[in-house]
Amino acid sequence: MAIVLGISAYYHDSAAALVIDGNIIAAISQERISRIKNDSTIPIEAAKSVLSFARIKPEDVDLVVFYENPFNKLERVLVNLLRTFPRSYRQFPRAISSQIGSKIWVKDTLSERLKIKREKVSFTTHHKSHAASAFFCSPFRESAVLVVDGVGEEDTTSIWYGNGQNLKFIQSIPFPHSIGLLYAGLTAYLGFEVNNGEYKVMGLSAYGSAKYLDEFSKIINIENDESFTLNLKYFSYFTDTETGFGPALEKLLGPKRNKNKPWNLNSEEDKRYADIAATLQQVTEDILKRLANRALKITGSENLCMAGGVALNVVANGKIAMQIGKNHLFIQPAAGDAGGALGSAIIGSIELGDKRPTPLKNCALGLPIETDKVKKMATDLGLSTKLLSDPAQTISEKIEANEIVCFLHGRFEWGPRSLGQRSILANPKLEETKDELNLNIKKRENFRPFAPVILGDHMDKHFEGQPDLMTPFMSTVHHVKKNKVEQLKAVTHIDRTSRVQSVDENNSKLLNNILHCVNKKTGLPIVLNTSLNGPNEPIVASAQDALLFFMRHPVETMIVEDQMISKKGL
């Protein structure tokens, strides 16, 4: 039996994952513990948490695998800084200090802080970690694997072939030609934060039209082999790492958006930005579909797994699934850098002789909620508590009454989506519910959509499509049926799509029961499901996180397992 700890860190979304005897035991993003959104620091607390959960002592760990090779990354940074010198002179000291100051010593840091022998710490590569996290968690015996992100050590896009226990590298596109960095640069141009605002751009794109295709044809070029190259004059990777785009982009597309200005999609100015977002989204989708076709053609497979931050683009995922078949596409729920921790742990486990994991069907891989602690804290705060004999029935009554309910159950989720472990649940019928959540609870842009969770065997009655390999993880979109839009106003985006989560008793027994109760009460087997967190906060993890959120936000009811907590009397 091998005990393997996987680690990702230093760029964004640090995480730790534990695999024992080929089984995925736990996986936790550092942000859930530190409460720092997109925490990039070395995830010592997350690592200790997964070990503690499994009751594993550090000295019993057989192998620690870091998700990339820092020496190869240092080489790429140095080479590109030198190639662009003297334009890169301002970035040179900071980049070298960052790489040599901490990242290059990751093996020593992990050894010292986790109390694990240095010889037990090893490296893999960034894109191999991504590829492993996708393929080895998939239900496929064999599959093409497409990894698309900003940049790893050198690669920005790579194609792999997985077969059984094996994962073979096929080909790649090197830095600086990157779909991830293109999307990041335009995210900054549109006034959002890089590595945190890309999904906002995706949501915004539905409000615009792809009117800037001629301009984008100057930014990115599709090659004959379906790869791509960027016109680097529009980007500033080496001189301005904060934004990633240069003055030439503003000359081509117009002035960048003021990030501090509230959005008004009725204004001509913001309509233009929505059109730019729509064009970026269409170009991204077109390139990803080409890359998917290439991966399938080269490998001869009918199946495709995807990973990397770009694989979190659920709209693009839906287009690819329509192209290749929805049950031939799998995307691991933590497709971004956090997922590299899980991939590296699986790589180490297989190298030590263990079998690949069973297919991932549920991503409740975090720590369990401490019900007794919640009850005590709630009582100390003067909140009302009540033991429920049937939590599902109570929640359905609250939903029928159009109340918004905080719901916590079991271990928290792995990945950026809230899938019923740490959720806010609400009635999907009323558009006013969407406005209330966006403006007063989530405090975010009013164009941001919300997702529905539905009983899987009812999905095709309300949406165009049936459950597939991605809907349990909310990794794709489906169109709402035209005759159901009026019933689902709170979860229908302006383009009539929804990021659907399908549920059955195998992947979430309690949520399945809740939906059955809601269906009996309302005639709809659907609930609005959004993540339990405030603005610029990670999704809650612990009892303390939950109570802090509850006290700070205008929600009257929180249900933690079988405990109902309310603010009545305060």
Side-chain angles (χ1 to χ4, degrees), residues 199-200 202-207 265 314-315 317-319 321-322 326 392 395-407 417-420 423-442 444-468 470-504 507-508 511-532 555:
Y199 52 92
K200 299 181 184 182
M202 183 177 63
L204 174 65
S205 69
Y207 287 82
L265 289 171
V314 295
V315 178
N317 296 345
K319 302 290 177 63
M322 289 177 63
K326 294 188 176 184
I395 291 172
S396 68
E397 292 169 359
K398 298 287 184 183
I399 298 297
E400 184 186 30
N402 296 324
E403 291 188 37
I404 294 171
V405 180
C406 299
F407 176 59
R417 313 291 184 208
S418 180
L419 300 173
S423 289
I424 298 173
L425 304 180
N427 195 318
K429 294 181 180 181
L430 304 177
E431 193 166 7
E432 293 84 353
T433 302
K434 173 185 171 182
D435 295 338
E436 170 70 12
L437 284 166
N438 267 333
L439 297 175
N440 297 325
I441 297 175
K442 308 289 278 189
R444 62 187 199 178
E445 299 83 3
N446 61 5
F447 58 77
R448 301 272 297 280
F450 289 99
V453 54
I454 184 171
L455 290 172
D457 56 3
H458 287 253
M459 184 171 155
D460 62 353
K461 300 171 187 175
H462 302 272
F463 300 93
E464 294 177 2
Q466 296 183 339
D468 54 47
M470 294 182 290
T471 52
F473 304 116
M474 214 186 277
S475 296
T476 187
V477 295
H478 287 264
H479 279 87
V480 179
K481 287 194 169 182
K482 289 182 179 180
N483 65 336
K484 298 295 183 179
V485 170
E486 282 299 309
Q487 290 182 299
L488 300 173
K489 286 186 175 181
V491 295
T492 302
H493 202 28
I494 191 171
D495 58 358
R496 200 165 53 83
T497 62
S498 285
R499 193 179 69 227
V500 183
Q501 177 193 358
S502 64
V503 166
D504 58 42
N507 59 30
S508 184
L511 196 53
N512 183 71
N513 291 341
I514 290 169
L515 291 170
H516 274 290
C517 289
V518 170
N519 192 29
K520 289 178 182 178
K521 286 280 185 185
T522 68
L524 279 177
I526 305 169
V527 167
L528 181 153
N529 174 21
T530 188
S531 56
L532 184 57
V555 182

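Because only heavy atoms are used, hydrogens play no part in the values below, and waters and symmetry mates are left out as well, while side chains stay in.
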Are any of the side-chain heavy atoms of [X] and [Y] separated by less than 4.5 Å?
X: P452; Y: P428; answer: no
X: L437; Y: L528; answer: yes
X: K326; Y: T476; answer: no
X: H478; Y: I454; answer: no

What's the spacing between [X] [atom1] and [Y] [atom2] if we round to 0.5 Å?
X: S508; Y: L515; atom1: OG; atom2: CG; answer: 8.5 Å
X: L524; Y: K461; atom1: CG; atom2: NZ; answer: 11.5 Å
X: N446; Y: L265; atom1: CG; atom2: CG; answer: 6.5 Å
X: I395; Y: E397; atom1: CD1; atom2: CD; answer: 10.5 Å

Quick check: closest heavy atoms across [X] and [Y], and the distance to 0.1 Å?
X: K442; Y: S531; answer: NZ-O, 2.7 Å
X: N507; Y: S502; answer: ND2-O, 3.7 Å
X: V518; Y: I526; answer: CG1-O, 3.9 Å
X: T433; Y: A426; answer: CG2-CB, 3.7 Å
X: P467; Y: M459; answer: N-SD, 3.6 Å
X: I404; Y: V555; answer: O-CG1, 3.3 Å

With sequence neighbours excluded, residues passing side chain to side chain contact (heavy atoms under 4.5 Å, CB included) with N529
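In terms of side chain to side chain contact (heavy atoms under 4.5 Å, CB included), with neighbours along the sequence ignored, N529 is linked to S418, S423, L425, V453, M474, Q501.
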Among all residues two or more places apart in sequence or in another chain, which pass the side chain to side chain contact (heavy atoms under 4.5 Å, CB included) test with E445?
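Side chain to side chain contact (heavy atoms under 4.5 Å, CB included) list for E445, sorted by chain: F192, K200, W263, F447, R448.
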Look at the side chain of N317 and the backbone N and O of S475, then say whether any donor-acceptor pair between them is shorter than 3.5 Å.
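It does hold such a pair.
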Quick check: does any side chain N or O of R444 sit under 3.5 Å from a backbone N or O of N438, one acting as donor and the other as acceptor?
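A pair under 3.5 Å: no.
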Only distances under 3.5 Å count here; give the side-chain donor-acceptor pairs of residues 487-494 to other protein atoms, sequence neighbours excluded, each with its distance to 0.1 Å.
from	atom 1	to	atom 2	distance (Å)
K489	NZ	E486	OE1	3.3
T492	OG1	L488	O	2.6
H493	NE2	G203	O	3.0

Not counting sequence neighbours, list each pair that qualifies as a salt bridge (Lys or Arg N to Asp or Glu O under 4.0 Å) and has a residue in residues 425-437.
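The answer is none; no pair qualifies.
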Quick one: which residue pairs count as a salt bridge (Lys or Arg N to Asp or Glu O under 4.0 Å) with a foot in residues 473-483, not counting sequence neighbours?
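Listed once each, the pairs would be none.
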Suppose we screen for side chain to side chain donor-acceptor pair (under 3.5 Å). Which residues come up paired with D460, at least two apart in sequence or across chains?
Q466
